[in-house]
Amino acid sequence: MDRPLLFGQRALVTGSTSGIGLAIARTLLEAGAEVFVHGLVDAVEQERLERDLRLIGPAHFVAGDLSDASAIDGMMAQCGALDILVNNAGIQHTAALADMPAAMWDRILAINLSAVFHTMRLAMPAMAQRGYGRVINIASVHGLVASVNKAPYVAAKHGLLGLTKVAALEYASAGSRQSGGVTANCICPGWVETPLIQPQIDARAAACGGDREAGVRALLSEKQPSLRMSLPEDIAALVLFLCRPEAHNLNGAALPVDGAWTAQ
Ligand code: NAD
């Protein structure tokens, strides 16, 4: 029998206790990787997640509040040398620029951007030494275009695209086609059905007399021409493709999964 695609590879997926990150963790486990699962949940939930995911493959929970740079050092040390780093954790807060609390700006920039700089600077040298590594940053369409009321989120996601391009350039020549090379890419989803966007759906549903379906349609019709949300599993499938050996020259890209949002 053939070995699974990611057999012997070690992956960290930040923010994998729910939504897109959880789907990515499952997909990488199914493909044979050892996966460090991470997020802000209590000990009971950590155990439950580990137990569920171990039915698929070797999963370990690793803690670390990404708003605290020193916690990131400890988290990365616990994971050891990584083959795959998926920076997925992120938060959102919507408010007009003038009403955005300054502390919220700092928090979103810390979690959605600075934390990614820290995990990358700690993980990528060992990837280069081994000639294989995949850094996959879950950005957003908001790394490519803006929307109102999302100043820190849009700024952080645009910054994430720039950071990823720098890493792609610096590590482009590491390894070989045989070893798989070291790449850094961003995935830029439009609307994906997860807890993160629930407050925005709730607000639209309320404006539509409590009709959730009508609220979702109203949200999508503004920007996402497909009028369909993506599922977390759709994003996970693209992550898996980026881990494949054939993706060794797919580097420094920002890949939209947005139902043609950014084609407009
Ligand atoms: P989610 O809210 O379901 O999950 C977020 C994860 O991040 C959770 O595991 C949470 O514990 C973790 N997290 C949050 N703050 C943290 C902190 N301080 N330290 C450690 N972990 C923390 O969100 P999601 O919708 O799955 O989003 C995942 C990523 O995808 C985010 O970066 C988000 O910006 C991006 N994204 C989501 C959508 C969407 O429509 N859902 C669209 C585009 C981009």
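Model, not experiment: these values are computed from the prediction. We count ligands from 1, going down the list as the structure has it; atoms in each ligand are counted the same way. Sequential numbering from 1 along the given sequence is applied to the chain's residues.
- Contacts with ligand 1 closer than 4.0 Å are made by heavy atoms of both the backbone and the side chain of I138.
- With a heavy-atom cut-off of 4.0 Å, K157 touches ligand 1 through its side chain alone.
- Checked against a 3.5 angstrom limit, the closest N/O atoms of I20 and ligand 1 fall inside it.
- Residue-to-ligand polar distances place L66 within reach of ligand 1: an N/O pair is separated by less than 3.5 Å.
- Between R107 and ligand 1 there is a heavy-atom distance shorter than 4.0 Å.
- Look at R121 and D73 and you find a salt bridge, because one of the NZ, NE, NH1 or NH2 atoms lies within 4.0 Å of a carboxylate O, short of that distance.
- Here A115 has no heavy atoms under 4.0 Å from ligand 1, in either its backbone or its side chain.
- The shortest separation from a heavy atom of S230 to ligand 1 is not under 4.0 Å, leaving the residue out of contact.
- Proximity of L196 to ligand 1, defined as any heavy-atom pair under 4.0 Å, is shared by backbone and side chain alike.
- Not one N or O of P189 is nearer than 3.5 Å to an N or O of ligand 1, by distance alone.
- Shown here for I201 and R212, the closest heavy-atom pair between the two residues is CD1-NH2, 3.7 Å.
- Where the criterion is an N or O separation shorter than 3.5 Å, residue side chain and backbone included, T17 meets it with respect to ligand 1.
- Ionic pairing of K223 and D258 is not present here: no N-O contact between side-chain nitrogen and carboxylate oxygen is shorter than 4.0 angstrom.
- Contacts between T194 and ligand 1 below 4.0 angstrom, taking non-hydrogen atoms only, involve the side chain exclusively.
- Between F61 and H38, the two ring planes are parallel [angle under 30°; tilted spans 30° to 60°].
- Residue-ligand proximity: H38 is placed with a non-hydrogen atom under 4.0 Å from ligand 1.
- Using a 4.0 Å cut-off between heavy atoms, I91 contacts ligand 1 through its side chain alone, with no backbone atom that close.
- Side-chain atoms of T183 and H248 include no donor-acceptor pair closer than 3.5 Å.
- Side-chain contact check for T119 and N87: at least one donor-acceptor pair (N or O, by modelled atom type) lies under 3.5 Å.
- Judged by the shortest distance from any of its heavy atoms, C188 lies outside the 4.0 Å radius around the atoms of ligand 1.
- Checking only distances, G15 does come within under 3.5 Å of ligand 1, N or O to N or O.
- A donor-acceptor contact closer than 3.5 angstrom is absent between the side chains of H60 and Q78.
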Pair R217-E222, salt bridge (Lys or Arg N to Asp or Glu O under 4.0 Å): steps then yes or no: CA-CA 9 Å; R217 260 197 319 278; E222 251 175 26; over 6 Å; no
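- Between N88, N112, D68, it is N88 that holds the heavy atom closest to atom 29 (C) of ligand 1.
- Residue-level proximity to ligand 1 for S16 is carried by the backbone, the only part with a heavy atom below 4.0 angstrom.
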